[in-house]
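Notes to accompany the following structure.
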Amino acid sequence: MALRFYNTLTQQVEPFTLLEGNTVRMYTCGPTVYNYAHIGNFRTFTFEDILRRWLLYRGFELDHVMNITDVDDKIIRNAVAEHKTLAEYTATYTEAFLEDTAALRLQRPERMVKATEHIPEMVRAIEQLAERGFTYQSDGSIYYRIAKFPGYGKLSHNDFSGIRSGARVDVDEYDKANARDFVLWKAPKDGEIFWESAIGPGRPGWHIECSAMAMKYLGETLDIHAGGVDLIFPHHENEIAQSEAITSKPFVRFWLHSEFLNVESQKMSKSAGNFYTLRDLQQEGYQPDVVRYLLASVPYRKKLNFSADGLKAAATAIDRLRNFKLRLETDKYPEGANEKILERTRLAVRQFEDSLDDDLNTAEALAALFEFVRDANTAMDAGEFRAGNTAPALDFLDRFDRVFDVLRPAQTEGGLSDARVEELIQERNAAKKARNFARADQIRQELLDAGIILEDTKEGTRWKRK
RNA sequence: GGCGCGGUAGCCAAGUGGUAAGGCAGAGGUCUGCAAAACCUUUAUUCGUGAGUUCGAUUCUCACCCGCGCCUCCA
């Protein structure tokens, strides 16, 4: 079966194709840089990374745009409170975001674009909407009139037809014709930052930045637009309303949304206060690659209940895979190749690929890998594994790691050099031969204290960094 | 209320109209100077509850119970 994704727009799993060419035009909603991103945010970004990597694995080229929202109410409020300029304030958290994504081994999108650097594009988009009669002004702000857009609600599958334009729905929304209408351009309040423009002084509403930037870089119809489920409404619904009102063309072909990460069965969110940042977890001693594995191992459309147990399980699972790789690289096997194992390897790779083709079923893909690892270990123990089986097995691990990227140990700074470790191992082996086990154990402990783990095997001693 | 997701072993979790993947944890064992690593056996007669369709349902239908989310900023 070919590559296929669940499309929020159609509520169906559909074969993934491109209209033309081989480049996937993909847009993903990035962070609002008013604080550190939490791992709920990173669940979505990790999903998008797996998506990226699987598209590349399948031979597509990518033009992936991620926005950075660096102007919004919270940013302005916080920047003012800290007596910083907008740019100063957002720089801190933009930088932190980039550090975190690097630690989580998230590939950099082809373009990362900032809202504040695209004000003219947004103003132009609002002008186009105005020309087509989709806007109205109120108290100096410009609003989008959803009653003008017939398809409004098609992504979130809500029926808004019962809401009549002009009806007053809520006293708090007195300045809007319809409670669902949203702001495109906000009139400046006292002391707030604003831009002068052809449509008057103000700053952009949240939704217009994505429409303007996505279409600027990727054209009028994107192949993929992804984000968390909470963005379906209103954000993505509004992006459709804006973009399609301007172009009269479908804005996005495939809408992909990742489910939430929960803590104690509750949504993790900044407003609820029950959130962890990657930095929090690192302080508790969890490596980012462990977090990455946990986030990636649960299929993206399934709620992920985050827990310390889950992190520990992830850490152990990664160790198992790394141990297997180390064994492949260091053990010696008889010449030749075991045909049955070769066939077993091919089957496992096929299952792995089929699983990811199926709407990125990472849990099933991992199962294919782990079954193979067990079978290969069994064959090694039974002496049936041959030298010629090593390369295909390592190739499978490499394919796995092109997507999951967890086999490479996190950089451990300092410590002993490889040469010094080898030296001590030689000394220890000499001590063992002389049955001086006290000295041998002393060296083992010494190395362990330096973060080096020794494993004695039939072929000799192998080692790894903790 | 509207829209949507889910309830599978101690935990995480896949899956199919034909009788339950995988990971972690637990128990026992093999191997081993020590320590690891690895392997083997074992842990759901059962997939929220009830009814229906069917030769047969965890998988389809209906009802109900429970959990979560969106409908306001939010990954």
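Remark: A/Arg301 qualifies as a cation-pi partner of A/Tyr6 under the 6.0 Å distance and 45° angle criteria applied to the six-membered ring. Because its NZ or CZ atom is both nearer than 6.0 Å to the ring centre of A/Tyr34 and within 45° of the ring axis, A/Lys74 counts as a cation-pi partner of that residue.
Nearest nucleotide to the A/Asp441 side chain, out of B/A35, B/C68, B/G33: B/G33. Side chain of A/Val298, nearest nucleotide from B/A37, B/A13, B/A75: B/A13. Here the nucleotide nearest the side chain of A/Phe260, chosen from B/G23, B/G15, B/A75, is B/A75. In this structure, the nucleotide among B/C5, B/C12, B/A75 sitting nearest to the side chain of A/Lys303 is B/C5. Side-chain proximity of A/Asn41 to B/C34, B/C71, B/A75: nearest is B/A75. Nearest nucleotide to the side chain of A/Arg462, out of B/A37, B/A14, B/C70: B/A37. Taking only side-chain atoms of A/Asp381, from C-beta outward, the nucleotide of B/G4, B/C39, B/G23 with the closest atom is B/C39. Nearest to the side-chain atoms of A/Thr32 among the listed nucleotides B/A13, B/C68, B/A75 stands B/A75. Comparing B/C68, B/A35, B/C70 against the side chain of A/Asp456 picks out B/A35 as the nearest. Listed nucleotides: B/C5, B/A14, B/G33. Nearest to the side chain of A/Glu259: B/C5.
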- What's the verdict on salt bridge (Lys or Arg N to Asp or Glu O under 4.0 Å) for A/Lys186 and A/Asp72, showing C-alpha distance, side-chain angles and the deciding distance? CA-CA 10 Å; A/Lys186 283 189 165 184; A/Asp72 90 324; over 6 Å; no

- Evaluate the salt bridge (Lys or Arg N to Asp or Glu O under 4.0 Å) criterion for residues A/Arg145 and A/Asp181: first the C-alpha distance (whole Å), next the side-chain angles of each, then the deciding distance (0.1 Å), finally the verdict. CA-CA 5 Å; A/Arg145 190 187 301 279; A/Asp181 287 349; 5.4 Å; no

- Message: Go through it in stages, so that I can follow the logic: the residues are A/His225 and A/Tyr27, the test is ring-ring contact (aromatic ring centres under 6.0 Å, His included), and I'd like the CA-CA distance, side-chain angles, deciding distance and then a yes or no.
- Response: CA-CA 5 Å; A/His225 191 135; A/Tyr27 187 92; 5.0 Å; yes

- Stepwise side chain to side chain donor-acceptor pair (under 3.5 Å) test for A/Asn274 and A/Lys267: CA-CA 8 Å; A/Asn274 63 337; A/Lys267 168 185 171 181; over 6 Å; no

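The separation between A/Phe182 atom CZ and B/U72 atom P is 13 Å, rounded to whole Å. In this structure, A/Phe324 atom CZ and B/G23 atom C1' are separated by 16 Å, rounded to whole Å. Between the P atom of B/A14 and the NZ atom of A/Lys302 lies a distance of 4 Å, rounded to the nearest Å. Atom CD of A/Glu209 and atom P of B/C73 are 14 Å apart (whole Å). The NE2 atom of A/His235 sits 17 Å away from the C1' atom of B/C71 (whole-angstrom rounding). Atom CG of A/Asp49 is separated from atom P of B/A75 by 18 Å (rounded to the nearest Å). Remark: C1' of B/C39 and CE of A/Met380 are 12 Å apart, rounded to the nearest angstrom. Across the protein-nucleic acid pair, A/Gln351 atom CD and B/A14 atom C1' stand 12 Å apart, rounded to whole Å.
In this structure, B/C3 forms a base pair with B/G69, meeting either the Watson-Crick or the G-U wobble geometry with both donor-acceptor distances under 3.5 Å. Under the Watson-Crick or G-U wobble criterion, with both distances below 3.5 Å, B/A27 is paired with B/U41. Under the Watson-Crick or G-U wobble criterion, with both distances below 3.5 Å, B/U46 is left unpaired in every strand shown. When both distances must be under 3.5 Å, the Watson-Crick or G-U wobble mate of B/A57 does not exist. Partner assigned to B/A14 is none, using Watson-Crick or G-U wobble distances below 3.5 angstrom.
In this model, the phosphate group of B/G69 is approached by a side-chain N or O of A/Gln266 to a distance below 4.0 Å at OP1 or OP2.
In this structure, the aromatic ring of A/Phe370 is not positioned over the six-membered ring of the base of B/G22 within 5.5 Å between centres and 30° between planes.
Nucleotides B/U8 and B/A14, compared at atom C1', are 10 Å apart to the nearest Å. As rounded to the nearest Å, B/C64 and B/G28 have P atoms that lie 48 Å from one another. B/C66 and B/G29: their C1' atoms are spaced 42 Å apart (whole Å). Taking atom C1' in both B/G6 and B/U42, the straight-line distance is 31 Å, to the nearest Å. B/A36 sits 37 Å from B/U46 when the C1' atoms are compared, rounded to a whole Å.
Here the closest heavy-atom approach between residue A/Gln242 and residue A/Ser211 is recorded as OE1-OG, 2.8 Å.
Each of A/Ser269 and A/Glu364 was assigned the nucleotide of RNA chain B with the nearest heavy atom; the assignment lying further toward the 5' end belongs to A/Glu364.
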